[in-house]
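Take a look at the structure set out below.
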Amino acid sequence: MATLNRKSLRFGNRDLPFQLALIAFGIVTFFPLALVVITSFKSNTQFYHNFWLPELPLHTGNYSSAFRIIWRYIDNSVLYSGSTICLIAVIASVAGYVFARFRFPFKTVIFLGFITLIMVPGVLTLAPRFVLVRDLGLVNTPFALISVWVSGGLVLSTWLMRSYFESLPQELFDAAYVDGAAEWQVFIYVSVPLARPMIATVAMTTLIGTWNDLIWPLVTITDKDKMPLAMGLMQFSSDFETDWGTLFAGYVISSIPLLCVFAVAMRQFISGLTSGAVKA
Amino acid sequence: MGEVMFRRLATSPPVIKTKRENRSPFHLRVWRAKWLYLALLVPVAMLLIFEWLPAFSALYNSLYIWNGGKVHFYVGLEHYERMLSDRTFRVAIANLVGFVFFRVIMQTVLPFFAAEMIINLRSQRWSYWWKIIFVFPMVVPTILNYLIWRFIYNPQVGLLNEGLELIGLGEYTHAWLGDPNTVMWALAFVRFPWLPTLQFLIILGGLQTIPQEVHESAAIDGAGFWRRLFYIDIPMTRRQITLAMILTMLFMTQRFDLFLVMTDGGPGYSSMVPALQLYQSAFHFLEFGYASAIGVVLFVAMLALTVINLRVSAGATAD
């Protein structure tokens, strides 16, 4: 019986209590989100009259007015996070490769210079880093965000890339050397393609970290035109404080970019993290 | 991250490839490695400028009165003494301790509960879908969580108050974030019961690595759900649970965007936490020296917490 149920979508008898618990849990989890979506189609009058249920007519206009404002922030965030991800992917792969595959003087010292930074929390460096970035004249430019995000992300990424390259079997590289490949060819044509899953993990971590960072943009970006999404949403929520429909339409719109990324990469992300990438 | 790191380092394979002999004189080896140094130049420079320099600047300037600009003079340990008598800071520490304590429990029990339910399912397809469903909320930007919860706690049209009215408990409606007595509790429940993605996946991964045979033989021996939970599942995922707890602790100690967005430390300073006070000292009052000193204290506290945790979990696994 059990084996029969295994493949079907129907609940097995034994599964029933667990399924019920999970369903209850799921409902509590998604209830606020559902309410946000429902409210995003309402006018303010509808919202004050009928708090809980959807109501006709649907005010899709909320979405177009919210989109006009949110769009700019999403655009900025894609630019900032995108450049950060590309830079980190390139720099961390090269550095990880060098650390994994070569022996050279001062290697240990340099590598320690990387990984001890894992222990240094962002709050410690927040204030002096701001002064530094200000004195470099980067305040209110994309470089204020990108430079700091890249250097912050490099610490973990380099270490991840290094351990990944170390885990690749030597034979793969030997084959390439025998065929007369130069070191840079081995790196570009053998190592990088093999490391694609790890590069994807690094990209994903960086994306989530930078996309959600609020504090650093808050201290370095002042122009509304240049705000990334997290900060823009705060601005947006104070600009539209009592216009609930538009406000929530903006909330829904701002969740879409990551939704798209995850629709593509969710499977890989989950299996990557649960199948031993983070095995304590 | 600490534990993973050290384990990885301890087990990483020795460097296999030595393209050239290592017996040549030192300066020659350095010269031969010039391309490698060049390849590392960019990351090393970036880390020196944007990570190491600010870190040491924080240590150094915690001994100075500094407005971030020209005003800069030595005061020794005065900032640290001031912290001892600073009432705001004391409230902030008390708030943080309670908050972290509550959060660590919530952010371990909830993911464990969900993961346990999921691995108990026979239907593979359903357990896959539940994983996706519970990871899904991470597409919502963090800041939106806070903004949505600000709406939930809104005293006029908030979800919580409306819900209380709906089920006839109207007399309990409250300005949840505006009352010093409820504000910290309200903040502690923000995102409830959303699962912290990383912690959830770590614990789930741990539960999934328990071999099927162990569960089967427990079932044959007549162990029910609860016995299995307490005698097999919890002990066998101890490492993952510890890691999840450390991560929560470290995140919660240094993240203050929640407090900044929801209350900005108010009303008064009843929901102040040290990291937020650091932020306000630096960026509202231009006391960069004092802010740096708070940062140093937080850094030391987090380091100590990690070390203690690693010791305790190492001790737990040794026996």
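Just so it is clear, the structure is predicted and the values come from calculations on it, not from any experiment.
- Top candidate by heavy-atom pairs under 4.5 Å with chain B, chosen from L35(A), V148(A), V219(A), I110(A), is V219(A).
- With respect to chain B, the highest number of heavy-atom pairs below 4.5 Å among C260(A), G122(A), G113(A), G26(A) belongs to G113(A).
- Only the side chain of L132(A) comes within less than 4.5 Å of a heavy atom of chain B; its backbone N, CA, C and O stay farther away.
- Contacts of Y146(B) with chain A are absent, with no heavy-atom separation under 4.5 Å from either backbone or side chain.
- Side-chain atoms of F25(A) and F134(B), non-hydrogen and from C-beta on, do get closer than 4.5 Å to each other.
- Interface summary for chain A: among F192(B), W35(B), F26(B), Y37(B), the most heavy-atom pairs under 4.5 angstrom belong to Y37(B).
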Just do the side chain to side chain donor-acceptor pair (under 3.5 Å) check on Y73(A) and Q235(A) with the steps written out, would you? CA-CA 10 Å; Y73(A) 302 134; Q235(A) 182 68 43; 5.9 Å; no
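- Neither the backbone nor the side chain of L247(A) comes within contact range of chain B; no heavy atoms are under 4.5 Å apart.
- Side chain to side chain, Q170(A) and D174(A) meet the donor-acceptor criterion of an N or O pair below 3.5 Å.
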Intermediate values then yes/no, side-chain contact (heavy atoms from CB on, under 4.5 Å), R255(B) and T142(B): CA-CA 12 Å; R255(B) 291 200 67 164; T142(B) 318; 3.9 Å; yes
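- Here the side chains of L117(A) and L47(B) are in contact, with some heavy-atom distance below 4.5 Å.
- Annotation: side chain of F99(A) is not in contact with side chain of W159(A) (no heavy-atom distance under 4.5 Å).
- Comparing L298(B), I132(B), L53(B) by heavy-atom pairs within less than 4.5 Å of chain A, the highest count is held by I132(B).
- Salt bridge absent: E166(A) and R101(A) never bring a charged side-chain N and a carboxylate O closer than 4.0 Å.
- With a 4.5 angstrom heavy-atom cutoff, N145(B) does not touch chain A via any of its atoms.
- The backbone N or O of S292(B) sits nowhere less than 3.5 Å from a side-chain atom of W66(B) that would complete a donor-acceptor pair.
- Counting heavy-atom pairs closer than 4.5 Å to chain A, the top residue among A114(B), S57(B), A45(B), A275(B) is S57(B).
- Of all the listed residues (V94(A), L233(A), L214(A)), the one sharing the greatest number of non-hydrogen pairs under 4.5 Å with chain B is L233(A).
- Ranked by heavy-atom pairs under 4.5 Å with chain A, the first of L121(B), V297(B), L40(B) is L121(B).
- Neither the backbone nor the side chain of F56(B) comes within less than 4.5 Å of any heavy atom of chain A.
- Comparing N212(A), V36(A), T125(A) by heavy-atom pairs within less than 4.5 Å of chain B, the highest count is held by N212(A).
- Between L126(A) and W216(A), some side-chain heavy-atom pair lies under the 4.5 Å cut-off.
- Interface remark: L33(A) contributes side-chain atoms only to the contact with chain B (heavy atom separation under 4.5 Å).
- Between W149(A) and P217(A), the closest side-chain pair of non-hydrogen atoms falls below 4.5 Å.
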With side chain to side chain donor-acceptor pair (under 3.5 Å) as the test, would you mind laying out the steps for T220(A) and R134(A) before giving the verdict? CA-CA 8 Å; T220(A) 52; R134(A) 186 198 63 194; over 6 Å; no
Would F114(A) and R162(A) satisfy side-chain contact (heavy atoms from CB on, under 4.5 Å), going step by step from the backbone distance to the final call? CA-CA 12 Å; F114(A) 275 70; R162(A) 177 197 161 134; over 6 Å; no
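- For F299(B), the parts lying under 4.5 angstrom from a heavy atom of chain A are both the backbone and the side chain.
- The closest side-chain heavy-atom distance from I253(A) to I74(A) is below 4.5 Å.
- Proximity to chain B involves both the backbone and the side chain of L259(A), based on heavy atoms less than 4.5 angstrom apart.
- Between F173(A) and Y97(A), the ring-plane angle classifies as tilted under the 30° and 60° cut-offs.
- Closest approach of R129(A) and F50(B) over heavy atoms only: NE-O, 3.0 Å.
- Neither the backbone nor the side chain of Y60(B) comes within contact range of chain A, judged by heavy atoms closer than 4.5 Å.
- Only the side chain of M302(B) comes within contact range of chain A, with at least one heavy atom under 4.5 Å from a heavy atom of that chain.
- Contacts with chain B were tallied for W52(A), F248(A), Y48(A); W52(A) has the most, counting heavy-atom pairs under 4.5 Å.
- Per-residue counts of heavy-atom pairs under 4.5 Å with chain B were compared for W211(A), F31(A), W244(A), F106(A); the largest is that of W244(A).
- When each of L278(B), L159(B), L195(B) is checked for heavy-atom pairs under 4.5 Å with chain A, L159(B) comes out on top.
- Neither the backbone nor the side chain of N61(B) comes within contact range of chain A; no heavy atoms are under 4.5 Å apart.
- Looking at I49(B) and S151(A), their side chains never come closer than 4.5 Å, going by heavy atoms from C-beta outward.
- Proximity to chain B (any heavy atom under 4.5 Å) is shown, for I256(A), by neither the backbone nor the side chain.
- With a 4.5 Å cut-off on non-hydrogen atoms, V140(B) touches chain A through its backbone and its side chain both.
- Of the atoms belonging to R150(B), it is side-chain heavy atoms, and not backbone ones, that fall under 4.5 Å from chain A.
- Both the backbone and the side chain of Y251(A) come within contact range of chain B, judged by heavy atoms closer than 4.5 Å.
- If you measure heavy-atom distances from V133(A) to chain B, the contacts under 4.5 Å come from the side chain alone.
- The greatest number of non-hydrogen atom pairs below 4.5 Å with chain A, out of A282(B), A55(B), P43(B), is found for P43(B).
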